**Student:** 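Encoded as structure tokens, here's the structure I'll be asking about.
Everything numeric in this text was worked out from a predicted model, so none of it was measured. Naming: A, B, ... by sequence-line order, numbering from 1 per chain.
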Amino acid sequence: MEYFAQQVINGLQLGFVYALIALGYTMVYGIVRLINFAHGDVFMIGAFIGFYTIERYHLPLALVFLSAVAGCTVLAVLIEQLAYRPLRHAPKIASLITAIGVSLFLEYFTSLRQVFGPNFYSFPRPFPVVIWEVGGILVTNIQAVILVVTVLCLLFLQFIVFRTKMGRGMRAVSYDYVTAGLMGVNVNRVISFTFGLGAALAGVGGVLYGIAYPQVNTFMGFMPGLKAFTAAVLGGIGNIPGAVLGALIMGQSETMVSAYLSSTYRDGIAFVILILVLLWKPTGILGAPRAEKV
Amino acid sequence: MRRGLSLLALVVLLVGHFPGCKSPPAKEIRIGLITPLSGDVKTFGESVKNAFEVAVEEANAKGGVAGMKIATFLVDDRNDPTEASNAANLLINQHGVKAIVGSVTSKTTIPVSDLAQSLRIPTITGTATNPKVTVADGKRKDYMFRACYTDSFQGTVMAKFARGTLNATAAAVLYDASNDYSKGIAEVFRDAFVRMGGRVTAYESYGKDDVDFSALLTKVKAAKPDVLFLPDYYNKVGLIAKQAKETGFQGALIGPDGWDSPELVKVAGDAIEGGYFSNHYSPEDTRPEVGNWVKKYKEKFQQTPDALGTLAYDATNMLLEAIRKANSADPGKIRDALASLSGFEGVTGKFTMDEHGDPIKSAVIIQIKDGKQKFLQVVNP
Amino acid sequence: MMLAIRGLTKHFGGIRAVDGVDLTLAKGELVGLIGPNGSGKTTVFNLVTGICRPDGGSILFEEKSLVGLSPHRINRLGVARTFQNIRLFRNLTVMDNVRIAHHSHLEYGPVSALCRTGRFYREEIEIQEKVENLLSIFLLQNRKYEIAGSLPYGDQRKLEIARALATEPRVLLLDEPAAGMNPNEVGKLMEFILGMRERFRLTILLIEHQMRLVMGMCQRLAVMDFGQVIARGLPDEIRENSKVIEAYLGEDVPFE
Amino acid sequence: MAESLRNLARILAAYALLAGSIVLLAATGVVNPYWVQILELACVVAISAQGLNVIYGYTGLFSLGHAAFLGIGAYTAAYLMKTVGGQSQVLFFTALLAGGGAAAVIACLIGLPALRLTSDYLGIATLGFGIIMKVVFDNADSFLPELGGARGMTGITKMTTVPWVVFFLLVSLLIVRNTIHSSYGRAIISIREDEIAAETMGIDTFRYKMVGFVMGCAFAGVAGGLYAHLYAFLHPSNFDFFKSIDILVIVVLGGLGNMSGVLVASFGWIFLLEGLRVVLPPGYVELRWVLIPVLLIVTMLLRPQGLFGTREFPFLRGRLYR
């Protein structure tokens, strides 16, 4: 029983980490319908900004987060303007390919010795780890921080999307960007804002990830990005609570497969679950069923 | 159709235009290095490249080998088997190299070894541990050599150490299922440990890009092993060790030579304290080869060399020594000299090639104490 | 009876889009289905052609039930349709749009296609001739190599009808074929539809807003509102029907 | 009949000319073995890219797991050759077909449930399948030791030669051309254009989705077999997600549903990858993978519709018959 509870906690940590990245993914997808493969790499940049601001400049934690958020936002807005905006009227797949290009570029360019370098750098912990024992189950303060931050991000996003003018613009663009433009929504601004917002989340996520798994490398972003995207799809892509739900399921299924079935086949079994869920609900768990007007 | 043909003609023209294998000037020997200079293991690839360059510079400073200056050709394999094979092909057929050092991982070195074997170019790797690098399907690739141990050697050494010296009865193993180095050593360790009367209570794997090991470690902890064997490189081991401590794991951590890097302690902190690993040499070793190498590397690159770099340095030097002995740029003669190498004094020990092209050398067990590597004992194969 | 619909029902969420509709078409008849926007006309088409599955009721085509069949099966039985919001294969040529519709009558097998046997060439030529004939009826023969999406609106409508006819149907469902046309074009279209009915011996069910067209050529009319048929009869009877006038209140006055 | 014979003669002549000239150039040393190997690789990649072109370019099915089918074909063919033994060309040919067949069978099993998904959801399902297959390849040694698992499969004979790859490339182009420019091809394309309209025009869209998907995967399987016997070593990382992405990039760069563009892009991609090795001065070797994405982004921005747009090489064009 203790073993099971401990594994649930483990799965929760993994799930909330995925959730942080998935939120950014789902935001961008929800508005522009683009699988932004570069998101994981923006997340990596966020982690590196965290690494440098702590290791080199010893900034206080709030400033660390702030600079990661600022850096990622600027980068994402730049990427959007240079690589995605010119292709807005081209088929979506063209932007997907430039997204892959941007992702590869960020990974290989930053791994040059003159930029971040190729090493695995150990990420300094800005605060000591505290382990609490609750009825034989170990919980760390890092897990608590991740949970709180993810939930705050989720609420913040829900607020932006459903309670602000910009959010209304986002929903309009998501529904039909041509009509939204005709109705006076500044589509370019909304899309830039969306990318910026997604990247800000990636910045927060990157630093938290560095704290939780204290090692950074320029190739660290892709796999978590892919898993997070998968989680977002599982929950119903474009749906904000869905992203968190999907990520939590993903985290639990990976953990439980490791714990009770076979760690060797973990990824395989986790993706079998994904495919089964998709067959049962073709647009994800919380995704609205796709209705096409005939 | 006509346009298709003219396109083909264009391609042919372009290809033909590239410099072919011009015969090198008389007093020069061409050596190639294949190493991952981009991609996920670029950091290892650069260590190897640095070491290779140090070795070649030293030799050239002394006037080259066998009266020939060494001309080097560096190619990147991105840790991809296809690219590695292409790279080896480029070195041999386009650049006309007479010998190759490389590559770094086994999955890239095996295709290189196959190609080098079929084209009869002596090749030595510093770091590829898979037995299939030198012997595959019962056939010895007699142009292929290595400077490191094979998987089976280290797996057995650590099993013996855990069972004998640490008196462990139950062991757990965590390994990377997609990494042949990790998987290879893990399997050998498990089999050897069981053969010596121990029990393997947990045998679990993770993926190349995993960073969260809590589920596995919780499982390991529940299996109550005396030792946890972690056959992987220092970056992964650091993360696992740290999380092992956070899960409250109490047993000893042990591992192979992949642990050897100052980065390990940096990532893992006191979580790795008291851990043991097998290595080629100890930094406390007083032999001049060790001191010179570490000093030179630090001067040039402002960091301590890791095991991969050190092995590549030895591999390159062994190759150069063989050329010296063969006193010829003929690949066949260089091969023969490499095969008959014995008692070669390298940084990582005294080398003698066995009939498989694998070195016979002893290993040392090192313990991490107060964040430093401390020599514990010598183990002979 | 060519087509007999009884008690057809379809719900979307809580909305009864189609609620117990009865409708019959005798062989060779031309029946109009009218009603305000959102009254469920297109949904009836979607149910008949198998795009949606009804929640209740029956659809018999030449005494065979269509309920539960997939759209392509229904088409092969002899029911073709056009769409309110034109659904051409926009990136393909006019020719290909119509050729695709011939596929269900294809005789050469995949091996013939792969090996380019004589049979393949013969039938391809046959298909081409058929398509060109059809296109010339629609006065589209000079546009056969143009991309469908680049045609003028009226031609796109015509092409969609041509494509539907290429499947060689016995019942044709036309969903607002005159939408977006000017009175002159509507006039031509009317003649055209009547001509087609003769030539291909078609039974036609027509959804239309333009009353001139409906009143001018349909033999019978059915009026839908809120998913139900509220009136049916001859055009002149419908014109007088108070329920119909009431249903159309607030909409553009249908009778000019 | 005469027309078919003339076609056959033309095809054989083209084949003899293509394969013959390359073999001749290689034999006389004008082209060294390195470039021959790259050319062979480019042909193999072109075959699998043509497969994805059928799946995504023509049928409109977003697949992110193409490399997995390459892997299935590669391991199947290599396993067959290795267990039967020998170096017979007939056996090799059979093994390649078996590789294609195995990929097709698995594609069938996956397609039956998965092709009901649409667009990006199908993409994720195929991506998931790719990852599942990678896990299977990584651990293949636990059920078939010959496959080697994560430690790689060795002991494969190098059987793939220029005549073989040119043969299969030509055959694959012919199959795609003859399918696409037939009623079956038009049925497949109509799904990409408008699935609902296609259904109501009497096209069994699910069936033709399966046809497109299975056919494309079979191409990948054959290409995988050729790959296995070209490099004589198989490692699961040859068939991971990134390799699927490579093929996707090629197909989009070439132009979705454009045989000529995809053909040129396959060669362009491989020759760019390898050509940069030769062109970059020593010391800048590591810049290769920094330049490639930049070139990729720039090309995509300049030609979002693909290199060739809708134009095709004359021999790949559809014709009207009179």
**Student:** If you count heavy atoms of other groups shown closer than 6.0 angstrom to CZ of A/Phe109, is the number above 12?
**Tutor:** no
**Student:** What part of A/Leu278 lies closer than 4.5 angstrom to a heavy atom of chain D: side chain, backbone, both or neither?
**Tutor:** both
**Student:** Show the numbers, then the answer: is there a salt bridge (Lys or Arg N to Asp or Glu O under 4.0 Å) between A/Lys227 and A/Glu254?
**Tutor:** CA-CA 11 Å; A/Lys227 291 248 174 92; A/Glu254 283 194 4; 3.3 Å; yes
**Student:** Heavy-atom distance under 4.5 Å to chain D: side chain of A/Leu82, backbone, both or neither?
**Tutor:** backbone
**Student:** Measure centre to centre between the rings of A/Tyr209 and A/Tyr213, then say whether the value is under 6.0 Å.
**Tutor:** yes
**Student:** Which of residues 236-252 of chain D have a heavy atom under 4.5 Å from any heavy atom of chain A?
**Tutor:** D/Phe241, D/Phe242, D/Ile245, D/Leu248, D/Val249, D/Val252
**Student:** Assess the residue pair D/Glu195 and D/Ile203 against the criterion (side chain to side chain contact (heavy atoms under 4.5 Å, CB included)); give the C-alpha distance rounded to whole Å, side-chain angles, the decisive distance to 0.1 Å, and a yes or no.
**Tutor:** CA-CA 9 Å; D/Glu195 199 177 328; D/Ile203 309 280; over 6 Å; no
**Student:** Is there side-chain contact between A/Val277 and A/Ile285, with heavy atoms separated by less than 4.5 Å?
**Tutor:** yes
**Student:** Please flag which part of D/Leu287 lies under 4.5 Å from any non-hydrogen atom of chain A: side chain, backbone, both or neither.
**Tutor:** side chain
**Student:** With a 4.5 Å heavy-atom cut-off (strictly below), which parts of residues 54-72 of chain D touch chain A? List them by number.
**Tutor:** D/Tyr56, D/Phe62
**Student:** I'd like to know if A/Asp267 and D/Lys134 make a salt bridge, using a cut-off of under 4.0 Å between side-chain N and carboxylate O.
**Tutor:** no
**Student:** Quick one: does D/Phe308's side chain get under 4.5 Å of D/Val264's, heavy atoms only?
**Tutor:** yes
**Student:** Can you pull out the residues in residues 86-107 of chain A with any heavy atom less than 4.5 Å from chain D?
**Tutor:** A/Pro86, A/Leu87, A/Ala90, A/Ile93, A/Ala94, A/Leu96, A/Ile97, A/Thr98, A/Ile100, A/Gly101, A/Val102, A/Leu104, A/Phe105
**Student:** Chain A heavy atoms under 4.5 Å from D/Leu291: which part of the residue, side chain, backbone, both or neither?
**Tutor:** neither
**Student:** Does some side-chain heavy atom of A/Ile79 sit less than 4.5 Å from a side-chain heavy atom of A/Tyr84?
**Tutor:** yes
**Student:** Please output the residues of residues 293-301 of chain D in contact with chain A, using a heavy-atom cutoff of under 4.5 Å, in numerical order.
**Tutor:** D/Pro293, D/Val294, D/Leu296, D/Ile297, D/Met300, D/Leu301
**Student:** Give the C-alpha distance, both sets of side-chain angles, the deciding distance and a yes or no for side chain to side chain donor-acceptor pair (under 3.5 Å) between A/Thr255 and A/Gln7.
**Tutor:** CA-CA 7 Å; A/Thr255 305; A/Gln7 292 291 21; 5.8 Å; no
**Student:** For D/Ile124, which atoms come within 4.5 Å of any heavy atom of chain A: side chain, backbone, both, or neither?
**Tutor:** both
